[in-house]
There are 2 protein chains.
Amino acid sequence: MVKAADRAKNPARSSVWLEERAPRSGGGPAGLDRDRIVAASIRMLDEEGLAKLSMRKLATELGVTAMSLYWYVDTKDDIIEYAVDTVYGEIDLAAVDAAGDWRERIRVLALDYRRMLVNHPWMSPCAGQYLNIGPHAILVGGKIQEAIGDTGLPMTRQPSAMSAVFQFVYGYGTIESQFERRAAEAGMSQDDFYGESIRAFRDDPQFVEALEPMAEILDERASHGSVTAIWDRDFDYALEVLIAGIEVMVERSRTEDAPGT
Amino acid sequence: MVKAADRAKNPARSSVWLEERAPRSGGGPAGLDRDRIVAASIRMLDEEGLAKLSMRKLATELGVTAMSLYWYVDTKDDIIEYAVDTVYGEIDLAAVDAAGDWRERIRVLALDYRRMLVNHPWMSPCAGQYLNIGPHAILVGGKIQEAIGDTGLPMTRQPSAMSAVFQFVYGYGTIESQFERRAAEAGMSQDDFYGESIRAFRDDPQFVEALEPMAEILDERASHGSVTAIWDRDFDYALEVLIAGIEVMVERSRTEDAPGT
DNA sequence: GAGAGTCCTTGTACGGTGTACGAGACCTAG
DNA sequence: CTAGGTCTCGTACACCGTACAAGGACTCTC
């Protein structure tokens, strides 16, 4: 058995997905099972957040002691890596295939990716930290690559364009989900929390000057409906910026390939 | 004095920057001081990483007990918030002013922001978690807003375009810095680490199928120089995608404003 | 039925964490 | 000399991830 300590000595392989390890399936008295552990951890992560998840609490939730979990898993990080990949599975790849051209496929993928991040606020920090090479994540990556491949961009540029779109989605989903998490922790709606934050800002003399140039924009946005509507509107528009940018670069690469024509 | 526990009850104000609290400056025997604490924490974070920073170690570094730090700071999170904002100060805003039109200003800002994230791998998770409304962060935000304001985009669209660019930079800087961190932890150069990772991938039968469509791209990239050169190339190109996209949207908003002409 | 072996669960313990609380040491003002 | 503010420290609490070894519950073999 590969111990956690051994794994730490080989950080290049520091992912559950790079271990060969038979999944211990639960014929035991507690009816435990890796899938059950991962499912329970996702439930607790959604409800309580990343910081609150501990092996002891997770075990209690499953009616078992903390150390029992270590029969199915090497470390707590492994559980989180499994949870992350499971959640990647929520992205509906069939819907992507059903969509139209690459523009629509990218929109569908981006929207679903963003929704996943917002539905599971713990995902952002985890996805940033781990390798994300579980089976579901790999499938998602393949679909992204496929869509980008259809843009007509030269192959050397495709990974870069993938970054442009999906690192944006990751960043956007991160702040959006953290905002939502904070609102929830404060026990407020997003709208109330937004109003409170802006007010706290405005009342604070040290910020008056910094806020002044933004005032016009803030007012426009405050009058424009709910916070979630603004999140949606901004995201959609930013996606259009990216798609338009890709179209331009496709065109440029065409004319550069055949400058004489 | 506002206690940490009190702060937790008012999460809408959950940032050091929203507390009014006199900075206790150090006339004490240990010569301590909030600036010294923050500077030491940045040094330790750079050297050891976010997970390794503890109040006791930080205190030892400063020749003091852990509890001494709490005279200058309410919680560990406060120290990190101060550290985050201090590092935001590394972005060279004068260089941005010296740059040319909005395109160049965005390039300079994006590059510097990315460099900041890569130089301090602990920044990504922290910047994602806290509000980032310290004085330096506000100044950076203002500069970004200024540059975007000069694009000619309608005001309602400017925050969205800001997101498109700088959430991308955040996401890109996150994976880049995490990759570098992992390589460093493995005691390898980025090139060696990349080679090792790809090899581990290729050798693993469960990934063969998933890798097949990417093989061509991977080969091209492997032959194209160092990993850091590829990071740079991809980032520059993605930025051009974004700038081109903004240009298109500016044009579109012009023709929509005056559809009859 | 007895014994052995495998699978699973548990109790205990170690070394860490953030930080609340109260006791003291110092320095300055009256 | 005393009083009070400023700063540091020792102790303690609750909690964390997890190493280790003991034990219970099955199944298989004789």
Side-chain angles (χ1 to χ4, degrees), chain A residues 1-9 14 16 21-37 40-41 44-45 48-83 126 129, chain B residues 1-9 14 16 21-37 40-41 44-45 48-83 126 129:
Chain A
M1 165 169 151
V2 181
K3 295 246 188 70
D6 299 340
R7 191 108 55 72
K9 285 178 200 158
S14 56
V16 238
R21 185 182 198 286
R24 326 256 210 173
S25 44
L32 225 49
D33 173 313
R34 201 167 69 195
D35 286 347
R36 287 220 318 130
I37 294 175
S41 74
M44 293 188 67
L45 284 165
E48 315 243 25
L50 183 55
K52 296 282 186 63
L53 183 74
S54 80
M55 295 297 274
R56 291 186 235 258
K57 274 188 236 161
L58 179 56
T60 305
E61 183 85 359
L62 288 161
V64 122
T65 26
M67 290 314 292
S68 297
L69 305 176
Y70 286 91
W71 180 253
Y72 302 91
V73 140
D74 281 343
T75 70
K76 183 190 178 188
D77 275 12
D78 285 5
I79 296 182
I80 295 177
E81 273 198 272
Y82 287 128
C126 296
Q129 185 168 15
Chain B
M1 165 168 149
V2 181
K3 295 245 189 69
D6 299 341
R7 192 106 55 73
K9 286 179 201 158
S14 56
V16 238
R21 185 182 200 285
R24 327 255 210 175
S25 42
L32 224 49
D33 171 314
R34 201 167 70 196
D35 286 348
R36 288 221 318 130
I37 294 175
S41 74
M44 293 189 69
L45 284 165
E48 314 244 24
L50 183 56
K52 295 282 187 61
L53 183 75
S54 80
M55 295 298 274
R56 292 185 233 262
K57 275 187 235 158
L58 178 56
T60 306
E61 183 86 359
L62 288 161
V64 121
T65 338
M67 290 314 292
S68 297
L69 304 176
Y70 286 92
W71 180 253
Y72 301 92
V73 140
D74 281 344
T75 69
K76 183 189 177 188
D77 274 13
D78 285 4
I79 296 182
I80 296 177
E81 274 198 272
Y82 287 127
C126 295
Q129 184 168 15

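Letters A, B, ... mirror the listed sequences (proteins, then strands); counts begin at 1.
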| Distance in angstrom units between B:D74 CG and C:dC21 P, rounded | 13 Å
| request: Establish, with yes or no, whether the OP1 or OP2 oxygen of D:dC7 is under 4.0 angstrom from a side-chain nitrogen or oxygen of B:W71. | output: yes
Heteroatom pairs (N/O) under 3.5 angstrom, protein to nucleotides 21-24 of chain D:
none

| task | Hey, could you give me the CD/OG1 distance between A:E81 and A:T75, rounded to the nearest 0.5 Å? | result | 8.0 Å
| message | So, using salt bridge (charged side-chain N to carboxylate O under 4.0 Å, His left out) as the criterion, who are the partners of A:E48 when residues are at least two apart? | response | none
| said: I need the single residue from A:I80, A:V16, A:D78 that forms a side chain to side chain contact (heavy atoms under 4.5 Å, CB included) with A:V73. Which is it? | reply: A:D78
| field | Non-neighbouring partners of A:T65 that pass side chain to side chain donor-acceptor pair (under 3.5 Å), sequence neighbours left out | value | A:S68
| task | Round to the nearest Å and state the distance from B:L50 atom CG to C:dT17 atom P. | result | 14 Å
| note | Separation of D:dC7 atom P from B:R34 atom CZ, nearest Å, is 13 Å
| field | Below 4.0 Å: OP1/OP2 of D:dT8 and any side-chain N or O of B:Y72 | value | yes
| query | Can you tell me how far CG of B:L69 sits from CD1 of B:I37, rounded to the nearest 0.5 angstrom? | reply | 5.0 Å
| request: Begin from the C-alpha positions of B:M55 and B:I79 and carry the test side-chain contact (heavy atoms from CB on, under 4.5 Å) through to its verdict. | output: CA-CA 10 Å; B:M55 295 298 274; B:I79 296 182; 3.9 Å; yes
| Non-hydrogen atoms of A:Y72 and A:R34 that approach each other most closely | O-CD, 3.6 Å
Please write out the pairs of protein N or O atoms and N or O atoms of nucleotides 10-17 of chain D separated by less than 3.5 Å, giving the distance to one decimal.
| from | atom 1 | to | atom 2 | distance (Å) |
| --- | --- | --- | --- | --- |
| D:dC16 | OP1 | A:S54 | OG | 2.9 |
| D:dC16 | N4 | A:R56 | NH2 | 3.4 |
| D:dG17 | OP1 | A:K76 | NZ | 2.8 |
| D:dG17 | OP2 | A:M55 | N | 2.9 |
| D:dG17 | N7 | A:R56 | NH2 | 2.7 |
| D:dG17 | O6 | A:R56 | NH2 | 2.9 |

| said: In whole Å, I'd like the distance from the CG atom of B:D33 to the P atom of D:dT6. | reply: 16 Å
| request: If a protein heavy atom is under 4.0 Å from the base, mark B; if only from the sugar-phosphate, S; if neither, -; do that for nucleotides 22-28 of chain C going 5' to 3'. | output: -------
| query | With sequence neighbours excluded, what pairs up with A:S54 under the side chain to side chain contact (heavy atoms under 4.5 Å, CB included) test? | reply | A:R56, A:K57
| Atom CG of B:L32 to atom C1' of D:dC9: distance rounded to whole Å? | 13 Å
| field | Below 4.0 Å: OP1/OP2 of D:dC9 and any side-chain N or O of B:S68 | value | yes
| query | Any idea which heavy atoms bring A:L58 and A:M44 closest together, and the distance? | reply | CA-SD, 3.7 Å
